[in-house]
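Structure, as structure tokens:
As the structure is a computational prediction, the values presented were derived from the model and not from experiment. The figures here come from the full heavy-atom set of this structure, side chains too, leaving out hydrogens, waters and symmetry mates.
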Amino acid sequence: VAISIVVQTAMAWTPRIARWFADPLHWQRLRKGRALLFVGGVAGLLLFFSWFRWPAEVSAPIVLQATGAERIYVATPGVLKQAVAAGTQVKAGDVLAQLDNRELQDELVRIEGELRRAEARARSLAARVGDEQAAAAQLLVTQEIVADLQEQWALRRKQAEQLTLRAPVAGLVVAPPSQTGADDPQRQLPGWEGTPLDRDNRGSFLQRGVLLCLVAPADAHEAVLFVDETDVPYLRRGQEARLQLSYAPTTILSGRVVEIAELNVDETPPELTIPREIAVRTEEGSRPLRTTYQVRVELERSDAALMSNARGRARVVVAPHPAWARLSRWGQRNIAVDKSG
């Protein structure tokens, strides 16, 4: 739009200026001293506005994340029977989710039965050691079998207990990043998508290592900025930042930059993909269209009620730089060919 306005204005005034310079009378009436003074003044103003270091800011979309959070992973695979909802306040030891693994339960019952029979045989052989010479040798073998079965039973018992996932600390339940799950090829159980805490995922099979949720202190959050590559060189640790959240536009938070990532982002979070805060490559899922870096901002204490995974926008006060540098940033972001692919 700006370029169109400039071009139209130039097209309208260029013929008039050309006719003015083509008229000899205008040149005769022209006072060279004033003309030079005018040209010099305009040139001076242009140089001043181009090289004077103006206050500057870097604007970027943000996502709030919980800090100091305990990540809860699935240790024993199973079918999800129940789970708490995201945003639930829990105490240490509270049940977060309950899984069911029928094969593990059957295995535990089988080993327990074999263990009882082996222990009974060991007691019988121990009572016959004094009367039968061969009983001593059989007792040693049976005792080894009992020890092995006890070890197997303890391992399966621990795995069965891990089907009940509990909160290690008190805090707020935070949903993990949304993702698409795959069907289990061996058991042919339904896959899942979104997060394991979603009600629609009850009855889905969760593999070992799946991130169930996070448990974080309710008042501990940080902001993660997604900054374009053209703005990253102007960012430094310790710079002040002001943040505005989408769900609370009248609340302004303050913080400071604490970390600037060295590697670019491969995937845009869904909180910013859906509202198109960051342009993505549609043929590659949620990969950013332009090279983007994460910048962590530590928030100052505030009485505002913060929500994990909330989106918003941040402005970071950077070192002043001249107008030509700002124009260069604008051109690279809006005109230059993207080189991130």
Side-chain angles (χ1 to χ4, degrees), residues 1-2 53-69 86-87 89 171-178 195 214 216-261 264-265 267-280 286-321 323 325-327 329-334:
V1 173
R53 294 184 174 273
W54 303 91
E57 294 180 337
V58 167
S59 177
I62 66 168
V63 173
L64 284 188
Q65 292 185 356
T67 57
Q89 191 73 34
L172 192 69
V173 176
V174 180
S178 180
T195 74
L214 297 87
D219 58 346
H221 288 82
E222 67 179 6
V224 178
L225 283 63
F226 293 82
V227 183
D228 188 89
E229 61 176 338
T230 58
D231 293 329
V232 171
Y234 298 97
L235 295 176
R236 300 288 185 274
R237 292 184 180 180
Q239 290 174 331
E240 296 181 0
R242 298 189 302 276
L243 301 89
Q244 183 182 43
L245 302 177
S246 298
Y247 72 89
T250 59
T251 301
I252 304 298
L253 305 176
S254 300
R256 290 187 178 275
V257 176
V258 294
E259 183 182 358
I260 303 172
N264 60 296
V265 177
E267 184 175 359
T268 303
E271 293 81 8
L272 300 180
T273 304
I274 297 175
R276 298 296 182 184
E277 291 284 354
I278 298 179
V280 298
S286 58
R287 183 183 178 188
L289 181 63
R290 290 185 51 79
T291 304
T292 305
Y293 293 84
Q294 287 188 1
V295 176
R296 288 179 51 240
V297 170
E298 186 179 67
L299 301 180
E300 296 179 358
R301 284 202 167 271
S302 171
D303 296 332
L306 302 181
M307 296 172 53
S308 297
N309 299 328
R311 62 182 178 88
R313 199 150 192 94
R315 293 183 178 273
V316 181
V317 180
V318 300
H321 51 272
R326 184 173 301 184
L327 182 61
R329 285 169 51 196
W330 180 87
Q332 292 178 31
R333 187 183 299 110
N334 297 278

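Between Pro176 and Thr195 the shortest heavy-atom distance is O-CG2, 3.4 Å. The nearest pair of heavy atoms linking Phe226 to Gln294 is CE2-NE2, 3.5 Å. Shown here for Glu222 and Leu299, the closest heavy-atom pair between the two residues is CA-CG, 4.2 Å. The two atoms that bring Leu214 and Ala175 nearest to each other are CD1-O, 4.2 Å, heavy atoms only. Residues Gln244 and Pro249 approach most closely at NE2-O, 2.6 Å, considering heavy atoms. Looking at every heavy atom in both residues, Val227 comes nearest to Val58 through CG1-CG1, 4.1 Å.
Between the side chain of Thr292 and the main chain of Arg290, a donor-acceptor pair closer than 3.5 Å is present. Gln89 places a side-chain N or O within 3.5 Å of a backbone atom of Gly171 that can act as its donor or acceptor partner.
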Practice problem: Before giving the answer on side-chain contact (heavy atoms from CB on, under 4.5 Å), spell out for Ile260 and Val232 the whole-Å C-alpha distance, their side-chain angles and the decisive distance to 0.1 Å. | Solution: CA-CA 8 Å; Ile260 303 172; Val232 171; 4.2 Å; yes
Practice problem: Please lay out, stage by stage, how Glu240 and Ser254 fare under the test side-chain contact (heavy atoms from CB on, under 4.5 Å). | Solution: CA-CA 7 Å; Glu240 296 181 0; Ser254 300; over 6 Å; no
Quiz item: Should Glu298 and Arg256 be marked as a salt bridge (Lys or Arg N to Asp or Glu O under 4.0 Å) after you check the CA-CA gap, both sets of side-chain angles, and the distance that decides it?
Solution: CA-CA 5 Å; Glu298 186 179 67; Arg256 290 187 178 275; over 6 Å; no
Practice problem: Please test Val317 against Arg242 for side-chain contact (heavy atoms from CB on, under 4.5 Å), starting from the C-alpha separation and ending with a verdict. | Solution: CA-CA 8 Å; Val317 180; Arg242 298 189 302 276; 3.7 Å; yes
Self-check item: Intermediate values then yes/no, side-chain contact (heavy atoms from CB on, under 4.5 Å), Val295 and Val257
Solution: CA-CA 7 Å; Val295 176; Val257 176; 3.7 Å; yes
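Using a 4.5 Å heavy-atom cutoff, the side chains of Pro61 and Arg311 are not in contact. Taking 4.5 Å as the limit, every side-chain heavy atom of Leu225 sits out of range of all side-chain heavy atoms of Tyr293. In this structure, Leu243 and Ile252 have side chains that are not in contact, with every pair of non-hydrogen atoms separated by 4.5 Å or more. Put simply, the side chain of Leu64 reaches to within 4.5 Å of the side chain of Leu245, judged on heavy atoms.
Applying the salt bridge (charged side-chain N to carboxylate O under 4.0 Å, His left out) rule to Arg315 yields the partners Glu57; only residues at least two apart in sequence or on another chain are considered.
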